[in-house]
Structures are given as C-alpha cells and as structure tokens.
Amino acid sequence: MSFFPQLSRFRHSFRIRIFMALTLIISFVIPGTAYFCYRQAAVVIEEQMQEFALGSANQISKRVESFLSHHTFNVKLIKGLFENGLIDMTDDKQILRYFNLFQKEHPEFFNIIFGDETGRFLMSPAQVPEVHKTFDPRVRPWYQGALTTLDIHWTDVYLFASARKPGITVSVPIYDTTEKLQAVCGIDIDISSFSEFLKGIKIGNRGVAYIFDNKDGRIIAHPALVQQPWQSFHTDLLRSIHKDLKTGEKDFGVSQFKGFQYVTAYTAYPGNDWTVGVTLPVSDMFENVMSIRRAIISLVVGGILLASLLSYLIAMTIARPLTRLRQGIERISSGDLDYKVDIRDPDIAASLARSFNQMAASLNRSNIELKRTYAELAQNEKLAAVGQMTAGIAHEIKNPLGIIRGSAQVVANPERPMVMREKAADFIIEEVDRLNHTLTAFLNFAKPPSPRMKPTDLRLLVEEIATSVEQQYTDHTFRVTAPEQVPSIHGDRDQLHQVVLNLVLNAVQAMPAGGPIDIHLSPAPNYDTLAETDTGPFFVGQEHVTDTGQPVLALHITDKGTGICTERLQRIFDPFVSYRDDGVGLGLSVVSQIVKAHGASIDVWSREGRGTRFTLLFETAMEEDGHAAANTTD
C-alpha cells in the first residue's frame with residue numbers, strides 16, 4: 001500500500017481536520033491566553049501594590065498630623081488664657097492649678113511646662129521644689145525653638161530632664177499687650193505614645209507604619225518599640241530598607257531581607273524633618289496571584305489532555321451521524337412523517353435516531369388522531385350547542401311564567417280590586433306575547449333579529465317592570481327614581497323590556513333573603529364621570545356609546561347582594577357561562593347582544609359582600625318639532 005495516497009486520504013478527512021484544528025487551538029491558544037492573563041494580573045497587582053503602599057503612607061502621615069494637631073490646639077489654648085489675663089503669669093499656684101486641670105482632661109499629655117525670661121520654671125505634674133529652683137528653662141530646646149520661630153514650634157526628639165525619657169515638645173511664646181515676650185509654655189509628648197498610635201493602625205495582614213528622623217535616620221516611632229519582649233528584627237529590617245531606598249533616592253521599592261521580599265513606601269511629614277514609612281511583605285500582596293498561577297497551570301495541563309481526547313471523540317463519532325440526523329430533521333420538517341433516519345454507529349447516535357424515528361411515528365399517529373378527534377369535537381360542539389340552546393330557551397321561558405303565575409293569582413283572587421285584576425290580566429296577555437317573541441329570538445340566536453327602533457319612554461318601561469315584578473317578590477323593595485323630564489331613546493321596546501327584566505331578576509336572585517333594589521334613571525354626560533364615583537372591581541361589558549354630541553341617558557340597577565368576584569366578573573357576558581346551579585348562562589349573553597344592537601353600552605361594578613350595579617348608557621332620541629318624541633306604542 002502506497003504511503004502518499006494514504007496520507008492524502010487522511011489530509012482530506014473531515015474527522016482528522018476537526019481533531020487537528022481543536023488540538024492546535026487547545027494546545028496554543030489556551031496556554032497563551034492563560035499566560036497572558038497571569039502576566040496582566042501580576043502587572044495589575046504590582047501597580048495596585050505601589051498605589052496601596054504610597055496611599056497608606058500618605059493617609060498615615062495625615063493621621064499623625066491630625067494626632068499632633070490636637071496638641072498644637074491645646075498649647076495655643078493655654079497661650080490664649082495667659083495673654084487674655086485668664087491666668088495670672090505671676091501666680092505660680094494658679095498656673096499649676098490650671099495645668100493640673102488640663103492634665104486631668106488630657107491624660108495623654110506627659111508634661112505641661114512653663115518658663116519665663118527670668119528663668120522661672122513651672123511644670124505639671126509638679127516636681128520637687130529644688131528642681132523648679134535649679135532648672136533653667138531658657139537653655140532647653142523647647143524654649144529656644146519658640147524664641148527662634150516666634151510661633152508654634154515642634155522640637156526634635158530629645159531626652160526629657162524630668163523623666164529621662166525621649167520625647168518631643170510643642171511650645172509657643174507668650175506676649176503681653178505691648179507684644180513683649182513674657183514667657184514660653186509647652187506640652188511634652190512621650191515618644192512611646194507615637195508608637196502606640198501607630199500600633200493601632202492596621203495595614204494589610206502583616207504591614208507596619210513607622211516614623212524616622214531624616215537627619216540621622218533614627219527611628220522615632222514603631223509598633224515594635226512598645227511590644228514586649230523586644231525584638232531587634234524589626235529595627236534591623238527598617239535600617240536595611242532605608243539604606244536601599246536612600247541609595248536609589250526613591251520613595252517606593254521592593255527590598256530583600258533574610259530571604260524575604262518587602263515592599264516599602266515613604267512620604268515626608270509636613271512641619272518636621274521626619275519621614276512616614278509603610279512596609280509590608282510582598283507575599284501578602286502576591287498571595288492571590290500565586291494561587292491564580294498554580295490554578296491556571298493545573299487547569300491548562302488538565303484541560304489540554306481532556307480537550308484533546310474529547311476533540312478526537314467528537315471528530316470520530318459525531319460528525320457523520322449529525323449530518324444524517326440533520327437530513328432526517330429536514331425531511332420530517334417538510335412534512336414527510338414516514339421518513340426513517342438510518343444510523344447504526346455509534347450507539348448514542350443510533351439511539352438518538354431511533355428516538356427521532358419514534359417521535360416521527362408518534363407525530364404521524366397523533367396527526368391522524370387529531371384530525372379524527374377534531375371532527376368528533378366539531379360534531380359534539382354542534383350537539384352541545386343545541387342542548388345549551390334548548391336549556392336557554394327553558395331559562396328564558398321560566399321568568400315570564402313566574403310573572404304570569406303571579407298575575408294569574410291576582411286575577412283568581414276575588415278579594416282583589418277589579419282594576420288590579422284587569423291590570424294583572426293585561427300583564428298575562430303581554431307576557432304570553434313576549435314568550436312568543438323570546439322563543440323566536442332563541443331560534444335565531446346565531447343571527448339575532450335587528451331591533452325595530454322607535455322612540456321609547458324608558459322611565460315608563462322601568463315602572464311597568466317594577467310593578468309587575470313586585471307582585472311576585474314581596475320580600476324585595478323596588479325603588480324607581482328618575483327626574484321629572486326624562487328624554488326618550490330610540491329602541492325596540494320588547495327587546496329593552498327583556499334586557500331590564502333580566503337585570504332586575506338577576507338582582508332579585510342575588511338577594512335570596514330579600515332587600516332593596518334601586519332602579520335609577522339619570523342624564524349622564526359621559527362614562528368617565530360615572531366611573532370615578534366608585535372604587536372596586538369594575539368591568540366594561542361593551543363598547544361605550546358613540547360620541548355624536550347627543551345627550552346620554554343612564555339606567556342604573558343596583559342590589560345589595562353577594563356581589564361578583566373579579567375572576568367571574570370578566571366572563572359574565574360570555575354565552576353559556578353561568579355560576580348558578582339552575583342557570584344556563586344565556587341571560588346576560590342575550591342582554592349583551594341586545595344592548596350592542598342598540599348602539600348602547602352596559603357596564604358592571606361589583607364588590608363581594610357589597611352588591612352589584614349594572615349601568616346601561618343610551619343615546620337620547622333626536623328632538624323634533626321643539627319637543628322630545630314620546631311615542632311608546634309598538
């Protein structure tokens with residue numbers, strides 16, 4: 001077998017190409033990206049380390065300055081008490097009493113001292129009289145410094161004569177009213193208080209802040225100076241770092257000491273020839289970077305091995321089956337549900353193909369079953385519609401029959417007046433005629449008849465319905481209120497009678513134990529003013545009447561019944577939706593159709609436990625011959 005044809009076959013192999021491409025990407029891009037990210041992280045950490053160290057040194061310098069400004073303020077305060085005569089400079093007892101009071105308020109003051117040009121010396125806490133008599137303040141640094149600067153003066157570190165401890169003094173000259181020098185007062189500060197102050201400042205995990213004198217490099221304050229037992233490691237470290245940075249004349253750098261690296265930042269302290277330094281181990285700053293480095297190396301090595309294996313498996317087992325599977329998806333998507341995907345290797349792809357074929361077969365069966373079910377449902381819906389229509393007819397017949405029964409009882413009762421019996425007989429005739437119309441309307445429910453529009457007195461219609469209904473429902477009170485002049489509307493009197501009667505009977509059924517039912521007619525300029533009068537669940541059943549400039553007449557039918565919940569309120573006008581055991585859900589559907597055919601609107605306000613109000617809005621009839629039409633005959 002020739003070598004070159006075999007090589008050519010591998011070179012054109014799709015699987016080999018995928019494998020080689022993925023392997024090269026993984027072997028070069030991932031390590032390169034990881035190394036680049038690591039270097040970027042190291043650079044960022046170095047920059048942040050410098051910013052952190054320098055920023056910390058500046059912040060500590062400001063805090064030291066704030067710490068010393070407290071003493072400056074108090075020595076100025078003492079100066080003011082002397083110069084304003086609140087303390088008599090000639091009265092030693094008064095001076096010491098004030099100094100004692102100051103020390104009680106400020107225990108951090110080591111000594112409060114006073115000396116005048118005659119050599120008189122006072123100090124709190126007081127020393128033995130011999131010290132006060134033999135001690136000459138005029139030769140001390142704090143006295144001479146105040147005379148030199150003629151203002152606030154901070155001394156260098158020197159040895160306190162009273163306690164033989166190192167410290168610094170802030171002093172200030174005192175003048176009389178003629179600006180003649182009278183004395184110098186000062187406050188001694190133990191140098192250990194600086195170290196205690198710096199000890200309370202936390203810098204990273206193991207960082208320290210310190211102060212040293214620029215003249216001789218002597219450490220003035222360092223947390224280790226007040227720690228027990230004393231360790232020379234800290235001072236040796238700082239001297240080594242100071243030597244490195246001083247050689248390079250730098251204020252930031254990384255130094256080596258006893259096998260460890262330390263990062264240090266210096267900043268000058270204003271007002272004194274001091275330097276504030278911050279030193280912390282580099283390992284504290286680079287700890288996260290080293291962890292990232294170790295994690296990246298482990299992930300890159302493991303990722304290359306695993307990804308190379310996965311790329312080989314992907315190239316060898318998935319490329320071809322996926323192509324066949326894609327072809328099968330395209331065939332089935334085009335509607336060929338009988339197509340079968342033929343994949344035998346590898347097993348996972350073969351299993352996927354079998355599942356896909358099963359899905360296609362199931363879709364084919366479901367499609368056939370769906371067509372058959374759809375035909376059956378269509379037939380069942382027709383039968384259900386006929387049944388519901390029949391039930392609806394019975395529902396609509398039942399209401400007038402109740403009125404006929406009540407009127408017949410009146411006619412059959414010889415004790416009733418003849419006028420009432422004759423009127424009840426007229427009601428019976430009217431209801432029988434109306435039943436005939438109702439049955440005709442149900443037979444044409446799918447295409448309701450158009451209303452025969454005539455000017456109609458809605459107030460007279462409402463009063464007739466209230467009179468006829470109250471004969472049967474004696475536990476309910478029907479209150480009809482309306483203005484004296486109510487404009488007529490255009491409408492079919494029989495259909496409007498059916499609408500109002502349905503709504504009134506619904507109100508009766510909402511109050512089984514009886515109660516008031518209010519029927520109110522009023523002019524309504526627009527719907528919005530009406531909607532603002534109530535709060536609670538509110539549903540608009542139909543479109544509002546068209547704004548043609550005609551006045552609008554509103555009919556409100558209100559009960560104090562159980563109310564309707566929000567969920568049910570949204571569906572009460574849907575056909576065949578009923579929430580009563582004896583209802584079929586056609587009453588309000590018929591009402592909705594009639595109202596819509598009249599170009600009117602019906603709105604509902606309801607709240608559970610408070611009752612329901614139906615509002616019908618009609619456009620009034622056009623006026624003719626100077627008066628509103630009032631023909632109510634049919």
Side-chain angles (χ1 to χ4, degrees), residues 56-57 59-75 78 99-100 102-114 123-127 131 135 137 140-143 145 152-172 185-203 206-239 241-242 264 266-280:
S56 299
Q59 288 297 322
I60 292 170
S61 177
K62 292 179 181 178
R63 292 180 66 175
V64 171
E65 184 178 4
S66 175
F67 173 76
L68 295 181
S69 67
H70 173 65
H71 300 75
T72 303
F73 172 81
N74 282 284
V75 78
I78 295 173
F99 283 3
N100 288 332
F102 263 92
Q103 277 207 307
K104 287 181 180 179
E105 290 293 327
H106 303 281
E108 69 273 15
F109 295 170
F110 190 76
N111 294 317
I112 303 178
I113 52 180
F114 172 88
M123 182 175 69
S124 176
Q127 302 295 315
V131 173
F135 186 85
R140 301 301 293 172
W142 56 271
Y143 192 98
I152 296 293
H153 173 70
W154 283 94
T155 68
D156 294 331
V157 178
Y158 70 100
L159 198 64
F160 291 155
S162 59
R164 313 305 296 174
K165 287 185 176 182
I168 59 174
T169 302
V170 56
S171 58
V172 64
C185 67
I187 297 175
D188 291 339
I189 303 169
D190 187 357
I191 202 67
S192 63
S193 64
F194 276 88
S195 298
E196 289 288 348
F197 174 74
L198 296 177
K199 184 180 177 181
I201 300 176
K202 183 175 177 60
I203 305 173
R206 294 176 291 174
V208 292
Y210 49 92
I211 303 173
F212 63 85
D213 195 327
N214 291 333
K215 294 178 181 178
D216 53 9
R218 182 176 57 180
I219 298 174
I220 298 174
H222 188 287
L225 297 179
V226 292
Q227 291 179 352
Q228 297 296 333
W230 163 256
Q231 295 180 358
S232 62
F233 170 83
H234 301 286
T235 54
D236 295 340
L237 168 64
L238 298 189
R239 289 191 183 98
I241 292 173
H242 182 260
T264 300
Y266 288 161
T267 185
Y269 177 77
N272 293 70
D273 195 13
W274 297 346
T275 294
V276 177
V278 171
T279 297
L280 66 161

Practice item. Sequence neighbours left out, what passes side chain to side chain contact (heavy atoms under 4.5 Å, CB included) with T267? Give chain and number order. Key: A57, N58, S61, V276

Exercise for review: Report the distance from atom OG of S124 to atom CZ of F109, rounding to the nearest 0.5 Å.
Suggested key: 11.0 Å

**Study point:** side chain to side chain contact (heavy atoms under 4.5 Å, CB included) against S69, all qualifying residues, sequence neighbours excluded
**Key:** S66

**Study point:** Student check: side-chain heavy atoms of F114 and P137 closer than 4.5 Å
**Key:** no

Review point. Ignoring hydrogens and geometry, is there a side-chain-to-backbone donor-acceptor pair from S195 to H222 under 3.5 Å?
Key: yes

Check your understanding: So, T155 side chain and T169 main chain: donor-acceptor pair closer than 3.5 Å or not?
Key -> yes

Review point. Just how far is it from atom CH2 of W274 to atom CD1 of I168, taken to the nearest 0.5 Å?
Key: 3.5 Å

Check your understanding: Roughly how far, to the nearest 0.5 Å, is CD1 of I241 from OH of Y266?
Key -> 6.0 Å

Check your understanding: So how far is it from I78 CD1 to I187 CD1, rounded to the nearest 0.5 Å?
Key -> 4.5 Å

Study note, to complete from the structure: Hits for side-chain hydrogen bond (donor to acceptor under 3.5 Å, both in side chains) against T279, two or more places apart or cross-chain, chain-then-number order -> Y210, T264

**Study point:** V75 vs C185, side-chain contact (heavy atoms from CB on, under 4.5 Å): CA-CA, chis, key distance, verdict
**Key:** CA-CA 7 Å; V75 78; C185 67; 4.1 Å; yes

Check your understanding: Just how far is it from atom OG1 of T275 to atom CZ of F212, taken to the nearest 0.5 Å?
Key -> 4.0 Å

Check your understanding: If you take all heavy atoms of A209 and L198, which pair is closest and at what distance?
Key -> O-CD1, 3.6 Å

Exercise for review: Tell me, with the steps shown, if W154 and T72 meet side-chain contact (heavy atoms from CB on, under 4.5 Å).
Suggested key: CA-CA 9 Å; W154 283 94; T72 303; 3.4 Å; yes

